[in-house]
Number of protein chains: 2
Amino acid sequence: MDALGELTAALPDHVVVTDPERIEKYRWDRSQDPNTGTPVAVVRAEDAEQVQVAVRWAAAHRVPVVPRGAGSGLSGGSSAVDGGIVISLERMTAVEIDPTCQVAVVEPGAYNKDVKAAAAEQGLWYPPDPSSYEFCSIGGNVATNAGGLCCVKYGVTTDYVLGLDVVLADGSLVRLGGKRIKDVAGLSLLKLFVGSEGTLGIVTRAILRLVPAQQERSTLVATFGSPTVAAEAVVAIRSRLRPSMLELMDQPSIRAVEQHRSMGLDVDAGALLVAQSDAPGTSRTEEIALMEKACRDTGATEVFVTDDADEGEQFVQARRMVIPAVEELGALMLEDVGVPVPRLPELLAAVAEVAREQDLSIPVIAHAGDGNTHPLIVVPRDDDAAHLRALQAFDDIMHAAIRLDGTITGEHGVGRTKKSALPEQLGPDVLALNQRVKDALDPDGILNPGAIL
Amino acid sequence: MDALGELTAALPDHVVVTDPERIEKYRWDRSQDPNTGTPVAVVRAEDAEQVQVAVRWAAAHRVPVVPRGAGSGLSGGSSAVDGGIVISLERMTAVEIDPTCQVAVVEPGAYNKDVKAAAAEQGLWYPPDPSSYEFCSIGGNVATNAGGLCCVKYGVTTDYVLGLDVVLADGSLVRLGGKRIKDVAGLSLLKLFVGSEGTLGIVTRAILRLVPAQQERSTLVATFGSPTVAAEAVVAIRSRLRPSMLELMDQPSIRAVEQHRSMGLDVDAGALLVAQSDAPGTSRTEEIALMEKACRDTGATEVFVTDDADEGEQFVQARRMVIPAVEELGALMLEDVGVPVPRLPELLAAVAEVAREQDLSIPVIAHAGDGNTHPLIVVPRDDDAAHLRALQAFDDIMHAAIRLDGTITGEHGVGRTKKSALPEQLGPDVLALNQRVKDALDPDGILNPGAIL
């Protein structure tokens with residue numbers, strides 16, 4: 001029996017996909033990485049044991065394994081590898097809420113929104129909220145240490161991971177952490193697997209911390225003459241407050257949204273801040289008032305405040321709509337660079353400079369309160385020269401972030417599309433340290449080879 | 001020149017201590033580990049470079065290195081090793097606040113309270129608050145991933161670490177993370193070093209996240225017939241709320257405090273809960289009312305509420321006073337076991353059972369809202385039989401916690417005194433994984449050998 005025959009024999013028929021047509025969609029994630037490969041098979045695992053069977057087989061034959069959740073990744077972390085297999089977790093979608101422990105026990109294929117919904121039924125809340133929360137999986141969230149809009153106050157995925165089941169490179173399964181809230185027994189391996197993008201192991205179950213349901217929110221929308229001025233308002237706000245949301249859209253983003261679907265945004269504004277406070281009682285009014293003052297003092301042209309939840313949600317929806325709206329303007333290269341909050345104005349200026357230099361449209365949205373920006377490089381379709389300039393812009397923006405004491409990725413992960421800039425950010429010693437840990441846990445390098453390192 | 005001569009020659013005279021009398025106090029941490037060793041020298045480093053010089057020397061000569069902060073550790077993580085050196089960070093105490101970034105840049109020898117004080121000057125707050133915050137160092141806090149009283153709402157040390165400078169086993173220094181809030185570039189090595197108890201590297205600088213100053217607090221004190229009933233109230237509260245403090249004291253703890261210094265506690269109460277809410281505005285009243293109802297419904301004998309900060313602080317002080325008060329009753333073996341919150345009543349019952357079986361007094365205090373308890377095993381002085389029974393009780397309590405899906409250490413670390421129970425908690429596979437990471441980062445095993453693994 002050939003190697004592939006061994007795999008199909010070891011798993012139920014409906015689990016292993018080898019038909020090239022059916023394989024096609026498992027080759028890509030949302031980054032549409034042009035260098036993606038073609039796997040020999042996709043294992044659509046139904047449980048942890050099937051993941052173990054597949055990894056044991058891969059280990060025996062030294063076959064690359066690419067784990068895959070919902071395929072919504074933006075850095076090519078789930079691009080397939082030629083001759084490898086993809087292990088898809090899309091069928092493992094169970095979500096179980098333990099309200100007394102205030103935790104969710106979740107399989108990796110479950111969507112973020114499903115965890116939120118199940119928690120809400122018990123009056124609980126799972127805060128991390130990537131813009132893609134309606135179609136991204138918890139496995140992917142854990143793999144990238146995903147962030148989102150509420151992170152400015154509520155932190156990122158790793159802050160909510162209490163336990164993980166992980167299938168290691170040899171196919172063994174380890175159970176890390178549990179439903180206990182505090183646990184310092186042994187090295188922090190749990191946290192090491194969060195953000196490891198499938199290069200150290202495959203998560204088959206996560207225990208996630210929940211918190212009491214979020215309080216009512218008030219929303220502030222402020223317009224500014226330019227993104228840089230808006231960013232200065234962000235710096236002023238963040239030096240005093242930790243609002244529950246602090247998002248930025250620049251003029252091209254606003255206009256893309258209005259073109260896509262009219263949301264009543266001011267298309268003449270140089271930039272827009274959408275901020276929320278969920279502080280209870282009168283504190284909410286106070287927080288909003290402080291933010292309003294900071295905006296006006298910095299030079300906001302207009303400030304609008306609403307306590308109406310639906311009205312506020314419309315602005316948040318407008319913000320979430322930017323990426324699909326910009327995708328209509330051309331192919332998209334999505335950046336994810338971040339800097340310390342006070343350097344946000346400089347980063348935005350640097351992105352504008354790159355856009356000018358490369359003669360490209362680069363709308364910018366930002367989880368501004370965290371200093372995390374998403375410059376959206378628009379690549380005119382069927383324009384090879386523009387494509388090359390876009391690649392250059394993608395690199396230039398990462399280098400600009402590094403120069404500003406920042407990072408090439410705040411929440412999307414390094415994957416394959418940002419790998420080339422990682423050495424510059426980390427430096428040779430930290431890079432070598434990453435490799436040592438990788439080698440210790442995956443000596444044959446079968447787990448998601450080519451991602452991160 | 002002999003090896004030690006090389007070390008003294010490589011560093012300023014006042015940095016290397018070899019006088020046995022002066023060395024003595026560097027042999028012990030607060031756990032008073034009877035198996036501590038005698039080092040050949042203590043390096044009282046003044047900066048990261050001196051730490052590097054010492055570690056390079058140790059690496060060249062394969063000499064064990066024990067890093068040491070304030071020596072307030074409770075698990076023997078800083079017990080000295082025969083023939084090794086101690087690197088004391090006590091002289092590296094700089095604290096610098098960057099208010100615009102809302103971070104503190106801190107040397108490892110600075111005390112937790114110094115960071116809190118410096119942050120407070122800027123209207124900011126560093127939440128983690130071990131009971132020992134007045135005399136424990138940030139380096140130790142990072143090494144153990146220290147917790148405290150406010151963790152039930154505000155999380156533990158790792159949640160606040162944005163950056164670390166770490167001297168590795170070969171003496172090289174790596175800089176991980178930075179002042180950026182979100183950063184997922186590369187593996188989560190930053191989080192791996194937090195809680196590694198000096199076995200993977202020596203922290204020479206930490207960048208800590210700060211948050212806006214804590215709001216006013218209201219305090220609730222409730223008495224119960226027994227610790228188990230009090231624990232049931234905790235379960236009821238925690239299934240709905242996340243108060244900013246939820247501490248438990250049992251009757252022997254209460255009585256020890258009252259004997260030590262009268263604080264007006266009810267010595268006939270079977271147990272006491274001290275809870276706080278720092279929710280803003282009317283939400284505070286609501287949270288306190290919900291907690292009061294949960295206490296009364298569970299069978300509290302008395303409930304007292306105060307909005308007066310000083311009055312509330314007295315109860316918190318009484319809670320913090322338990323350990324010194326119990327220390328007057330005999331030698332102390334301090335436990336740190338934790339369980340998922342709903343299993344807290346079972347854990348307290350198990351501890352009581354161990355106390356009966358071993359005929360020992362074991363007062364219990366708990367960060368109850370996190371399921372983290374500190375059974376305080378009182379060992380009558382100069383009673384060898386009781387000492388043996390106490391050792392047995394120490395083990396029995398750890399095993400009881402493991403049986404209840406819990407942990408042998410919630411916040412103090414494994415160090416050397418809890419090492420024997422670690423294999424049972426982690427199991428062989430996770431233990432082996434710990435060892436693989438350790439070996440990858442410290443192949444010659446010179447960093448804090450004997451701690452954790």
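Computed from a prediction, not measured in an experiment: that's the story for all the values here. First the proteins, then the strands, lettered A, B, ... as listed; each starts at 1.
- Among Leu241(B), Leu162(B), Thr409(B), Val437(B), the residue making the largest number of heavy-atom pairs under 4.5 Å with chain A is Thr409(B).
- Using non-hydrogen atoms only and a strict 4.5 Å limit, the part of residues 181-188 of chain B facing chain A consists of Ile181(B), Lys182(B), Asp183(B), Val184(B), Ala185(B), Gly186(B), Leu187(B), Ser188(B).
- Using a 4.5 Å cut-off between heavy atoms, Thr199(B) touches chain A through its side chain atoms alone.
- Within the 4.5 angstrom heavy-atom criterion, no atom of Arg343(B) approaches chain A.
- For a residue to count as touching a neighbouring chain, one of its non-hydrogen atoms must lie under 4.5 Å from one of that chain's; by this rule Gln102(B) touches chain A with the side chain only.
- Residues of residues 413-425 of chain B placed with any heavy atom under 4.5 Å of a heavy atom in chain A are listed by number as Gly413(B), Val414(B), Leu422(B), Gln425(B).
- Minimum interatomic distance between Gly281(B) and Ser283(A) (heavy atoms only, all atoms of both residues): N-OG, 4.2 Å.
- Between Ser239(A) and Pro99(B), the closest side-chain pair of non-hydrogen atoms is not below 4.5 Å.
- The residue among Val341(B), Ile452(B), Leu441(B), Val103(B) with the most heavy atom pairs within less than 4.5 Å of chain A is Leu441(B).
- Considering Leu189(B), Val166(B), Leu200(B) in turn, Leu189(B) is the only one that fulfils the side-chain contact (heavy atoms from CB on, under 4.5 Å) rule with Leu433(A).
- A salt bridge links Arg180(A) with Asp405(B); the closest basic N to acidic carboxylate O contact falls under 4.0 Å.
- Of the two parts of Val194(B), only the backbone, made up of N, CA, C and O, holds a non-hydrogen atom closer than 4.5 Å to a non-hydrogen atom of chain A.
- When Arg242(B), Arg175(B), Lys179(B), Lys191(B) are compared by the number of non-hydrogen pairs under 4.5 Å with chain A, Arg242(B) comes out ahead.
- For Leu168(B), the part lying near chain A is the side chain, with the backbone staying farther off; criterion is any non-hydrogen pair under 4.5 Å.
- With a threshold of 4.5 angstrom between heavy atoms, His412(B) approaches chain A through N, CA, C or O but not through any side-chain atom.
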